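Have a look at the structure below before the remarks.
What's counted below: heavy atoms across the whole structure, side chains too, no hydrogens, waters or symmetry copies. Ligands are counted one by one from 1 in listed order, and the atoms in each one are counted from 1 as well. Values in this document were obtained by computation on a predicted structure and should not be read as measured data. FYI, the numbering just counts along the sequence from 1.
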Amino acid sequence: MVDLRSDTVTRPTRAMREAMASAEVGDDVFGDDPTVQALEARVAQMFGHEAALFAPSGSMANQIALQLVVTPGHELLAGADAHVVTYELGAAATIGGISTRTWPAVGADLDVDQIAAMIRPAGYPSVPTHAIAVEQTHNLGYGGVVPLATIKGLRSVADEAGVALHCDGARIWHAHVADGVPLAAYGALFDTLSVCLSKGLGAPVGSLIVGSAARIAQARLIRKRMGGGMRQVGILAAAGLHALDHHIERLADDHARARRLAEALAPYGVVDPGRIRTNLVPLDLSKSALDAPALVAAAAERGVRLVAMFPTVARLVTHLDVDDEALDRAIEVLSGLLRDA
Ligand SMILES: Cc1ncc(COP(=O)(O)O)c(C=O)c1O
């Protein structure tokens with residue numbers, strides 16, 4: 001089976017498992033797990049922030065960060081296609097008491113002026129804006145990278161309005177590798193970031209919230225309240241440290257394979273390879289006789305797994321567990337299906 005459903009499907013490598021098995025651990029709720037502390041210090045330093053906090057998932061990391069920058073009854077601005085408002089099951093509202101308002105779904109192609117115009121100042125009767133969320137890279141925007149200049153523009157807007165800027169950086173590593181922007185340059189522009197170790201980087205579990213020491217101290221309390229305080233979690237942090245050491249630069253291979261996949265399928269009119277920036281490859285099946293569920297089912301029968309994002313859009317994701325041989329197999333199967341459709 002070639003599994004191209006997501007970069008979350010990777011299994012820990014042997015070397016990662018060995019690092020996990022030999023990790024020094026302690027009770028992290030008491031604050032004495034040395035491997036977690038090493039991971040948190042390392043990630044904070046990579047992004048040029050004072051502190052970081054390990055969390056069990058990207059969703060929890062995002063939702064903790066949002067509670068840091070938006071107080072209940074106030075507003076978060078995000079894209080209509082942002083993970084924080086489409087795939088986190090209403091957590092901002094139900095857990096954080098946060099009101100969300102969205103700009104149209106444009107993936108990574110943000111319009112700074114449009115976002116600036118949406119900000120509402122404090123004062124009755126409107127809901128005042130407290131923060132803006134940016135997703136880097138953009139999941140429903142098919143792995144698009146928000147340009148550094150756009151983020152700088154948003155930073156100026158946020159400073160002028162006195163609102164915070166949060167980055168859902170689940171795949172910020174891919175943006176760093178695709179555009180060559182240092183992680184610290186991204187870090188300098190955001191008040192809070194969530195970054196994920198288990199998408200693309202190949203760790204089995206784990207995300208971190210990154211920010212100031214004061215915010216991360218508060219984040220530790222929110223994480224406990226949400227049930228995310230973990231005990232001998234250095235076993236998982238060791239996987240994260242291993243991923244940071246060994247699996248960032250190789251993302252360039254995933255990007256190259258995604259481009260190769262798109263180039264191979266382009267003749268069937270389902271994808272523009274010029275739009276593929278990172279590891280996510282959407283297939284637009286609106287002009288094909290096969291819709292997305294039909295393609296997914298037919299490919300699965302032939303040993304290739306992908307997902308239907310929408311009725312006429314399927315998605316393929318390259319990652320650590322897909323080598324050139326597996327990619328060739330996927331291209332052969334998908335080309336055959338699209339050709340015969
Ligand atoms: C952009 C983005 N943010 C956050 C998440 C949430 O991560 P998790 O599945 O670990 O909760 C995902 C998951 O795919 C994602 O793609």
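- At a heavy-atom cutoff of 4.0 Å, ligand 1 is contacted by the side chain of Ala170 but not by its backbone.
- Interface atoms of ligand 1 facing Glu135, defined by a heavy-atom separation under 4.0 Å, are 1 (C).
- The environment of Glu263 atom CD is dense: over 12 non-hydrogen atoms of other residues, nucleotides or ligands sit within 6.0 angstrom.
- At a heavy-atom cutoff of 4.0 Å, ligand 1 is contacted by the side chain of Arg171 but not by its backbone.
- Sparse packing is recorded around CD of Glu24, with 12 or fewer heavy atoms of other residues, nucleotides or ligands lying under 6.0 Å away.
- Of the residues listed (His138, Glu135, Glu88), the one engaging His83 in a side chain to side chain donor-acceptor pair (under 3.5 Å) is Glu88, and it is the only one.
- The atoms of ligand 1 that sit less than 4.0 Å from any heavy atom of Ser57 are 10 (O), 11 (O).
- Considering backbone and side-chain N/O of Ser198, none are found under 3.5 Å from N/O of ligand 1.
- Counting heavy atoms under 4.0 Å from ligand 1, residue Met60 does not touch it at all.
- Contacts between Asn62 and ligand 1, counted as non-hydrogen atom pairs separated by less than 4.0 Å, involve the side chain only.
- Between Arg260 and Asp328 there is a salt bridge, with a side-chain nitrogen of the basic residue lying less than 4.0 Å from a carboxylate oxygen of the acidic one.
- Looking at Asp284 and Arg275, no side-chain N of the basic residue comes within less than 4.0 Å of a carboxylate O on the acidic one, giving no salt bridge.
- Between Thr192 and the choices His49, Arg215, His166, the side chain to side chain donor-acceptor pair (under 3.5 Å) rule is met once, by His166.
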Requested in this report: Before giving the answer on salt bridge (charged side-chain N to carboxylate O under 4.0 Å, His left out), spell out for Arg42 and Asp245 the whole-Å C-alpha distance, their side-chain angles and the decisive distance to 0.1 Å.
Outcome: CA-CA 11 Å; Arg42 170 93 176 272; Asp245 283 336; 2.8 Å; yes
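- Ligand 1 has an N or O atom lying under 3.5 Å from an N or O atom of Asp168, backbone or side chain.
- Atom 6 (C) of ligand 1 has as its closest protein heavy atom His83 CE1, 3.3 Å.
- Within ligand 1, the atoms closer than 4.0 Å to a non-hydrogen atom of Ser59 are 6 (C), 7 (O), 8 (P), 11 (O), numbered from 1 in the order shown.
- The aromatic rings of His74 and His130 sit parallel, their planes meeting at an angle under 30°, below the 60° perpendicular limit.
- In terms of polar-atom proximity, Asn139 is counted as a contact of ligand 1, with an N or O under 3.5 Å from an N or O of the ligand.
- For a threshold of 3.5 Å applied to N or O pairs, the pair formed by Lys199 and ligand 1 contains at least one separation below that value.
- Close approach of ligand 1 to Gly58 (heavy-atom distance below 4.0 Å) involves ligand atoms 6 (C), 7 (O), 8 (P), 10 (O), 11 (O).
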Report task. Go through Asp191 and Arg155 one step at a time and tell me if the salt bridge (charged side-chain N to carboxylate O under 4.0 Å, His left out) criterion holds. Result -> CA-CA 10 Å; Asp191 299 286; Arg155 179 73 261 169; 3.0 Å; yes
